[in-house]
Amino acid sequence: MKLRRPGDKRQYEVELISRDGPKLRARIDGREIETQAEPLADGSTVLALGGRRIRVLASRRRESILVAVGPAAFEFVAIEGRGARSAHGLVTPEVSAPMPGKVLKVMVRAGERVEAGQPLLVMEAMKMETTLYADGAAIVKRVAVGPGDAVDHGAVLIELSPVSSPPVPASGPQDS
Amino acid sequence: MPLLEKFFVKIFRAVVSGDLCYAQPRPMNRIRKLLVANRGEIAFRIIRSARAMGIATVAVYSDADAGAPWLAAADDARRIGAPEAAASYLNADAILAAARASGADAIHPGYGFLSEHPEFARAVTDSGLTFVGPPSAAMAALGDKLAARRLALGSGVPVVPGTDAADPASARAFAAQAGFPILVKAAAGGGGRGMRVIESERELDAALEAAAREAKATFGDGRLFLERYLARPRHVEVQVLGDQSGKLVTLGERDCSIQRRHQKIIEESPAPGLDDAMRARMAEAALSLFRAAGYVNAGTAEFLIEGENFYFLEANTRLQVEHPVTEMRFGCDLVAEQLKIAAGEAVADAPAPVGHAIECRIYAEDAERRFRPAAGRVSYLNLPAGPGVRIDTHLAPGLEISTWYDGMLAKLVGWGADREQARERLLGALAEFSLLGVGHTAAFLRDVIAGDAFRDAALSTRFLDEFFNRWRPAERDLEAALIGCLLAADSHSNADRAAPSRVPAASRSPWERLPRFEPWSGR
């Protein structure tokens, strides 16, 4: 299975080799790892890894796998391994909401050309303003939202047609 | 003996009416039922103190918080409106109506929301209720940052050089004189909101516009002011308590230098390495300022320290988020003190402080991506405990963390005989903390507090930029997380085999019976 973390270019190749009682063998990016996995009654699993024992818990939410490793919280998405999106890693032809919130301001119109780093839209969540920027040069195909719209996590805000090829890797949104 | 008879009758009447209390002045506004005009951990926190004093409590909630765990802790709970704060937690009319309907005789505003609105404090007292906080006039004098600066200047308290003319032309003139970067702040601001660093003239217009918009949206007041930006200051604040007779005391200081987005995330008391002379001068400055404002109840004077100088930054006319570090060190309950003061009791002299306390705030944010807000539902929760460990939180399994409100999830405090013991205990507590379902900053805080820079107390408001600018999760945690993904996939394809077979099904935790523990089946 191929995984990556949202907003991170790095990909991980993980594979379960065998599981025999608590004994677990896995391959992570070509490296074989052996560990003891002890399930606890609360649904978590204690992993013995590199001389420490750590509580791990995973569950799926929408397209993501959420994992807690002690105090560390991770989110992964599985990469399907086919199609243009995965071939280019993270680059997507659309700008989607990084969190649920409200659209404050849209700075671009359909048909307009935008350059890498150009601000596209301002969102508000938890009273903080977040500006979303263009990852690369593109033509705005469609603006799906307007000021005042409440949007859900992952909602498509703006569709883009990249004009350079291959597209510049996504840099992700940045706080203004 | 008619005279003696008269005397006994007088005493009898005094005892019956409750007037015979020479040791303490009789409380003027005894609080019987307290409405808590807030949400989250602080609502819980206030309810707990009130309950311990035999005061009944009323919680209020927006539609987004119906079913929230702190509502169960209160004796009564009233809906006050739609999820938008403006319709609920900032809706003074709805809160006052809830107080009337529930028979509350006092309102505690907590922090944030209406806690620093003088009009609200006035509306509460005008309705014949007790406001647990300062008088409206004192709040206006200190709570407005511009007015507070003027009051400080008038009381001989040093302030950061700045100007209250914040139109683009005046801002350019001020920047030309003070030099970039400059800081733009909301006069009505707090918690870093409506505040921006302007690095260059190019950003000036956009930054002023954005700050005014954020200030207007958040505080309903778009007034701004400018300050010289201090390069590497420490943020140290003094806790003040004052009663209605005019007596004021200080309860030490808190170093709150470690901030992201101008918002504190780690606080400690005492401030490491602060010399006693400066400590005393700061306490004296805080007292003269609060005395000048005619202050009553709990408040905080915030200062920036740079080199040998300290400057008054702003006053917080309410309970601070980070008040637990003061409570742990002084062995007191600041909310109980607030309630006693509001009821007319005298403030006691500050007890002698013991040891050291450090607090960190866990937020629903992504520390890897500029602390972007996160949201989700709590599907697994493990809270720490142990000697010298305190956690203030409203987290509960199943709780939906939305982006309607501030994203603080929990405050974790470690207390120890010295700073190092407090730090070690806090690290132990962070290691025990685990939360699945919403992204959060606990691992980031663990790495910050475990690091050399924090251990050596290299504190300044630039701390995170200097030492944790590009934080990434530990590789070994990442590796464990990837194995977690495999376990989740495996337990789905072999649901029966992967379940812990040693435990009979009926005695298993309810967690295992919930659909979210069939990780590949979706929500």
Side-chain angles (χ1 to χ4, degrees), chain A residues 1 3 5 7-8 12 14-16 19 24 26 28-29 33 35 37-45 47 49-50 52 54-62 65-76 78 98-101 104 122 124-130 153 172-176, chain B residues 193 210 214 217-218 261 366 368-376 379-380 382 402-407 430-431 433-440 442-443 446 473-474 476-490 498-500 503 508-509 511-512 516-517 519-523:
Chain A
M1 150 165 80
L3 299 165
R5 300 193 300 135
D8 192 352
Y12 306 91
V14 294
E15 189 195 338
L16 185 66
R19 195 174 177 188
L24 184 147
I28 296 178
D29 292 334
I33 287 168
T35 175
E38 301 271 5
L40 297 187
D42 67 358
S44 63
T45 302
L47 286 184
L49 267 179
R52 65 170 184 159
I54 185 140
R55 182 138 64 170
V56 174
L57 203 99
S59 82
R60 181 169 182 158
R61 192 181 66 185
R62 295 198 189 105
I65 311 163
L66 304 181
V67 190
V69 178
F74 293 93
E75 181 177 355
F76 294 93
M99 67 251 170
L104 278 188
V122 181
E124 185 199 65
M126 295 177 183
K127 302 227 172 96
M128 293 302 304
E129 290 187 15
T130 300
H153 177 259
Q174 297 166 1
D175 284 346
S176 58
Chain B
R193 280 166 184 166
E214 209 170 291
T218 312
R261 236 190 262 133
D366 185 346
E368 275 183 272
R369 269 166 283 285
R370 298 169 181 243
F371 301 97
R372 185 200 294 162
S379 59
Y380 175 81
N382 193 62
S402 71
T403 47
W404 286 112
Y405 313 110
D406 183 83
L430 276 165
F433 181 87
S434 193
L435 165 60
L436 187 70
V438 55
H440 61 84
R446 175 199 57 191
R476 60 181 200 164
D477 284 348
L478 204 50
E479 184 181 276
L482 289 166
I483 294 172
C485 289
L486 287 174
L487 285 172
D490 188 48
V503 185
R508 271 182 221 149
S509 148
W511 288 116
E512 290 176 60
R516 51 183 169 264
F517 284 102
W520 296 99
S521 64
R523 223 158 133 91

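Across Thr403(B) and Gly101(A), no two heavy atoms sit closer than the pair OG1-N, 4.3 Å. Between Gly7(A) and Arg369(B), the shortest heavy-atom distance links the atoms O-NH1, 3.4 Å. Of all heavy-atom pairs spanning Met1(A) and Ala489(B), the tightest one is CE-CB, 4.2 Å. Across Val67(A) and Cys485(B), no two heavy atoms sit closer than the pair CG2-SG, 3.8 Å. For the pair Leu486(B) and Ala26(A), the tightest heavy-atom approach, listed with the atom from each and the gap, is CD1-CB, 3.6 Å.
In this structure, CD in Glu75(A) is found 8.5 Å from CG in Asp366(B), a value given to the nearest 0.5 Å.
For the options Arg476(B), Glu368(B), His440(B), Arg446(B), heavy-atom pairs under 4.5 Å to chain A are most numerous at Arg476(B). When each of Ala474(B), Gly484(B), Ala442(B), Ala481(B) is scored by its heavy-atom pairs under 4.5 Å with chain A, the top score falls to Ala481(B). Interface check for chain B: of the options Ile33(A), Thr35(A), Ile54(A), Asp29(A), the most heavy-atom pairs under 4.5 Å are formed by Ile33(A).
Here Asp477(B) pairs with Arg52(A) in a salt bridge; the nearest charged N to carboxylate O distance falls below 4.0 Å.
Between Ser59(A) and Leu436(B) the shortest side-chain heavy-atom distance falls below 4.5 Å.
Applying the side-chain contact (heavy atoms from CB on, under 4.5 Å) test between Ile483(B) and each of Val14(A), Val69(A), Ile28(A) identifies Ile28(A) as the sole match.
The parts of Leu66(A) that come within reach of chain B are both its backbone and its side chain, each placing non-hydrogen atoms under 4.5 angstrom from that chain. Proximity to chain A is limited to the backbone of Ala431(B), based on heavy atoms less than 4.5 angstrom apart. Looking at Asn382(B), only its side chain comes within 4.5 Å of chain A, counting heavy atoms on both sides. Contact of Leu47(A) with chain B is made through the side chain alone, with heavy-atom distances under 4.5 Å.
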